[in-house]
Amino acid sequence: MSASTPNLTTGEAHPLRSAMKYDDDRERVPDSGTASSMKAVQIAEPESAPSSPEENLPKRQFSAGLAKRLSGRSPMPLANSSRSSLRSQTSLEALGDLPRAISTQQLQEDCAQPQPPRRHRLDAVGERIIAQVADWLEHERTKRHNRKVRRAHGSRRKQRKEDAEGSELQSTIQARRFSIDSQSSDVSLDRLQKIIDDSMSSLGLSAIPHHSPRLGRKSQRRRSIALHRTASSDTEFYDGDVLVPACDGVLDNSKTLSYVGGNAVNEAESTVKRREEKERRAWLVFKNEVIRLAHTLRLKGWRRVPLDTGDTISVERLSGALTNAVYVVTPPEGITSKPESGKKNPAKLLLRVYGPQAEHIIDRENELSVLRRLARKKIGPRLLGTFANGRFEQYLNAITLTAEDLKDPDTSKQIAKRMRELHDGMELLEDEKIGGPAVLKNWDNWLTRVSQVISFLDAKMLAGGSGPVRNPADAWKEYGFVCGTDWPTFKAMFDKYRQYLFDRYGGTKVVREHLVFCHNDTQYGNILRVRPDDKKSPLLLPNYEHKQLVVIDFEYAAANVRGYEFANHFTEWCYDYHDEERSFACNVDRYPTHDQQYRLIKSYVNHRPEFPHPGASTPVLTPVTTPNMDPSTPSLPPATGGSTSSIVEFMLDARVPPGGWKEEEKRREDQAEEQIKSLIEEARLWRPICSAMWIAWGIMQAKIPGLDPVESPGTTAAPEEEEGDDQGFDYLRYAQERAMFFWGDCVTLGLAKLEDLPEAVRNNIKFSQH
């Protein structure tokens, strides 16, 4: 005990001195009468030293902030209460010089009471680690004990069934191997237990600590953020990003390209023919692989479907898909009709297997990135899992539109509204803005491959060795060159048109300023109409009826101008991909009239998308703007057709615009009319480049015998190569038909003269009057 601390264990009175001792202090003898009666320790006030004139001046005082009041003084260590009392009184004496009286008996009790040891953060972390390892150790020992019991019962049953000598020798070797493995495992667990015991001894622990998980401030903050985030159901998110399971499996669908044969097996059916039996076995193998992939990707509910039970599920291929093979996978009826408690029933799946030539066309990593961005906005079906050459998607209870549905006025208006919501709801990335229109990027990326294929075909055509027309896939040979002319002539015309396009806009910079996120493939097969199951569904309300339409297949979705989206959609009116004889044909007579184009674009301009939650979509706040493509087409101010979000419209004391409200309404209508006319003109301007891109697509999709195309891992054979498959799409004939439309538009724009074109082109050229 230090000299400045009085001896409190005896009753003798000692002279009291200040805790802060100065050199000029004198000893003070207390009154004998009070010393024995009070039995207290007093700390004398120090004598004030002579102050200088500067110290007598009043000092300015400032109130300490909250942070300083809380952290300006270091925490007091956990010692006995007598010392802490003296220290606190010493510090208070320096500030306020307030005397204190402490009971000697109370101080003795505090000194005698054992104090808990001081805990450090490192000790707490060590205890937590020990608790977790101990729990795992107990669980592992229990699991291995149960495994030994199962092995013992299994070996006894096996010994009863096996023969005498040979089986005894084999079981003895097996039992020996099990025992050696078990002994080595037990030794490892014992060593781990010894490490835990030594760690507990070093930390002074007599029992294994138990730590319950605590919800800290960080997890609470995450939960509050999650409440404001709109996410698709059954879609996993991590830190705002979408988590999609993936594996490296490859699904071979080369024997299952027909549109029948994937139904569940009916045991009551009679014997089938040899070819049908071969096809049935191929479908069974395919369905077993589908189940295996569903197990590997842990698709919800599908682990209830046992492996190698492909005959119990139904797989049906959908028609109309040109780039990929699309199937609907239906789980067994017995599982879905008898739900188990706590287990989710397997749902229908949409299986998409990539086409054989699609790897040359589509960047799958970019496509998956786009699908994740769409999932955050709740646009399109959910992505459930991916594998090497395909993916699983959410199956929607919907029907696909037909070619005739596009002509329906109400459906056309609904498509326009969904276009506007996609264009305004998906913001472009900075790289997409800098990269320019995606249609030009696709052309530049595909140019090398297209030149290789088309040069090979042109060489055969010029040499007269293209061969006879033996099947529908060779029909293009009757019409000469695939592009109408030889490849150098066609490419020169495209380059001329490309320069003409930029000149109309005034440069590439102006084009980039009008980019939006486009689907770029709005054919009728990529638009679904959801059938609401509930009669009270909001989708049945007039204001939300257009939301029944769901756009799928975002393989080509990227940045483009609005005019390209309209040009592509209007051209798709000319096709019927379900025509059994001419699914490749481009019937320009079906191209929408001026009134039909006006109706769709007017609905687009006047529609104001509703984004109820900022997490669901980030709208583009700039209204529809159209470029000054021609001196006769004025540059339009922001679109004002329809309702706006301006607060002025809701103010009762808003000033009446000059000329009155009727004049203002007429001005808005005139602006909307100018926008509609400008967008119709923009669609007509971008139609040739739309045709050129799909010409290149058809050439790259075709399987050319003798060309030796670059094979990609995970690709399967083309449909036209399959035995007995006469339903393959004629990609070269499709490209040839589209080339005639391209030449017709170039003649209409004045870029080419009809009399300068070859006779084969003049005889088959396609013009649109609208």
Side-chain angles (χ1 to χ4, degrees), residues 416 419-420 423 436-444 490-516 518-522 556 558-574 586 588 591-602 604-605 624-636 639 673-696 738-754 765-770:
M419 279 186 181
R420 180 68 187 272
H423 295 171
V439 60
L440 295 176
K441 292 173 60 178
N442 291 339
W443 175 267
D444 295 336
F490 181 86
K491 186 177 181 300
M493 178 53 61
F494 176 84
D495 294 339
K496 183 179 180 180
Y497 160 77
R498 185 173 184 171
Q499 185 61 42
Y500 169 81
L501 178 68
F502 288 137
D503 291 343
R504 288 286 300 270
Y505 276 85
T508 57
K509 182 179 179 180
V510 181
V511 176
R512 288 196 295 267
E513 291 175 354
H514 293 84
L515 295 177
V516 294
C518 297
H519 183 273
N520 300 323
D521 190 17
T522 50
Y556 306 99
N560 269 317
V561 298
R562 293 179 174 92
Y564 177 85
E565 187 87 293
F566 295 132
N568 182 84
H569 177 70
F570 290 152
T571 308
E572 291 296 339
W573 284 44
C574 303
C586 178
V588 293
Y591 196 87
T593 64
H594 181 272
D595 293 339
Q596 291 172 328
Q597 297 179 47
Y598 179 89
R599 180 178 58 222
L600 185 145
I601 295 181
K602 180 180 180 180
Y604 176 92
V605 171
V624 177
T625 56
T626 51
N628 185 8
M629 297 178 297
D630 191 85
S632 60
T633 304
S635 180
L636 301 180
E673 287 295 325
E674 291 294 333
Q675 286 184 330
I676 295 171
K677 292 178 182 179
S678 183
L679 288 174
I680 292 177
E681 176 64 22
E682 190 179 36
R684 187 179 296 111
L685 182 63
W686 283 81
R687 195 166 63 194
I689 198 171
C690 177
S691 296
M693 195 199 82
W694 291 113
I695 291 169
R738 199 64 181 263
M740 298 304 162
F741 198 18
F742 170 83
W743 283 111
D745 283 335
C746 290
V747 172
T748 303
L749 294 174
L751 300 176
K753 295 181 179 180
L754 184 61
I765 196 169
K766 298 179 183 294
F767 292 99
S768 174
Q769 304 300 327
H770 308 289

Separation between [atom1] of [X] and [atom2] of [Y], rounded to the nearest 0.5 Å:
| X | Y | atom1 | atom2 | result |
| --- | --- | --- | --- | --- |
| L501 | L685 | CG | CG | 5.0 Å |
| T508 | F502 | OG1 | CZ | 6.0 Å |
| S768 | F741 | OG | CZ | 5.0 Å |
| C746 | Y497 | SG | OH | 8.0 Å |
| I695 | M740 | CD1 | CE | 9.0 Å |
| L754 | T748 | CG | OG1 | 10.0 Å |

(request) For residues V588 and K766, report the shortest heavy-atom separation together with the two atoms involved. (result)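 Shortest heavy-atom contact: CG1-CB, 3.7 Å.
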
(message) On a heavy-atom basis, which atom in H770 and which in H594 lie closest, and how many Å separate them?
(response)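 Heavy-atom minimum between the residues: ND1-N, 3.8 Å.
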
So do the side chains of [X] and [Y] get within less than 4.5 Å of each other, counting heavy atoms only?
| X | Y | answer |
| --- | --- | --- |
| V511 | P437 | yes |
| C690 | V439 | no |
| W694 | N442 | no |
| I689 | L440 | yes |
| L515 | V561 | yes |
| F566 | Q597 | no |
| R738 | C574 | no |

Does any N or O in the side chain of [X] come within less than 3.5 Å of the main-chain N or O of [Y], such that one atom is a donor and the other an acceptor?
| X | Y | answer |
| --- | --- | --- |
| K753 | V747 | no |
| H569 | T522 | yes |
| E565 | C518 | no |
| T571 | A567 | yes |

Do [X] and [Y] pair up side chain to side chain, a donor and an acceptor below 3.5 Å, judged on atom types alone?
| X | Y | answer |
| --- | --- | --- |
| E682 | Y505 | yes |
| N560 | W686 | no |
| H519 | Y556 | no |
| Y598 | E673 | yes |
| D495 | Q499 | no |

(request) Classify the angle between the aromatic ring planes of W443 and F490 as parallel (below 30°), tilted (30 to 60°) or perpendicular (above 60°). (result)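 Tilted.
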
(message) Evaluate D503 against R498 for salt bridge (charged side-chain N to carboxylate O under 4.0 Å, His left out), listing each step before the verdict.
(response) CA-CA 9 Å; D503 291 343; R498 185 173 184 171; over 6 Å; no

(message) By the definition side-chain hydrogen bond (donor to acceptor under 3.5 Å, both in side chains), identify the one residue from R599, R420, R562 that meets it with Y604.
(response)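 In the set R599, R420, R562, the residue that makes a side-chain hydrogen bond (donor to acceptor under 3.5 Å, both in side chains) with Y604 is R562.
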
(request) Might you confirm whether atom NZ of K602 has over 12 heavy atoms from other residues, nucleotides or ligands at distances under 6.0 Å? (result)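 It does not: K602 NZ has 12 such atoms or fewer within range.
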
(request) Identify whether NZ of Lys or CZ of Arg in R687 sits under 6.0 Å from the centre of the six-membered ring of F742 and within 45° of that ring's axis. (result)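 No cation-pi geometry.
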
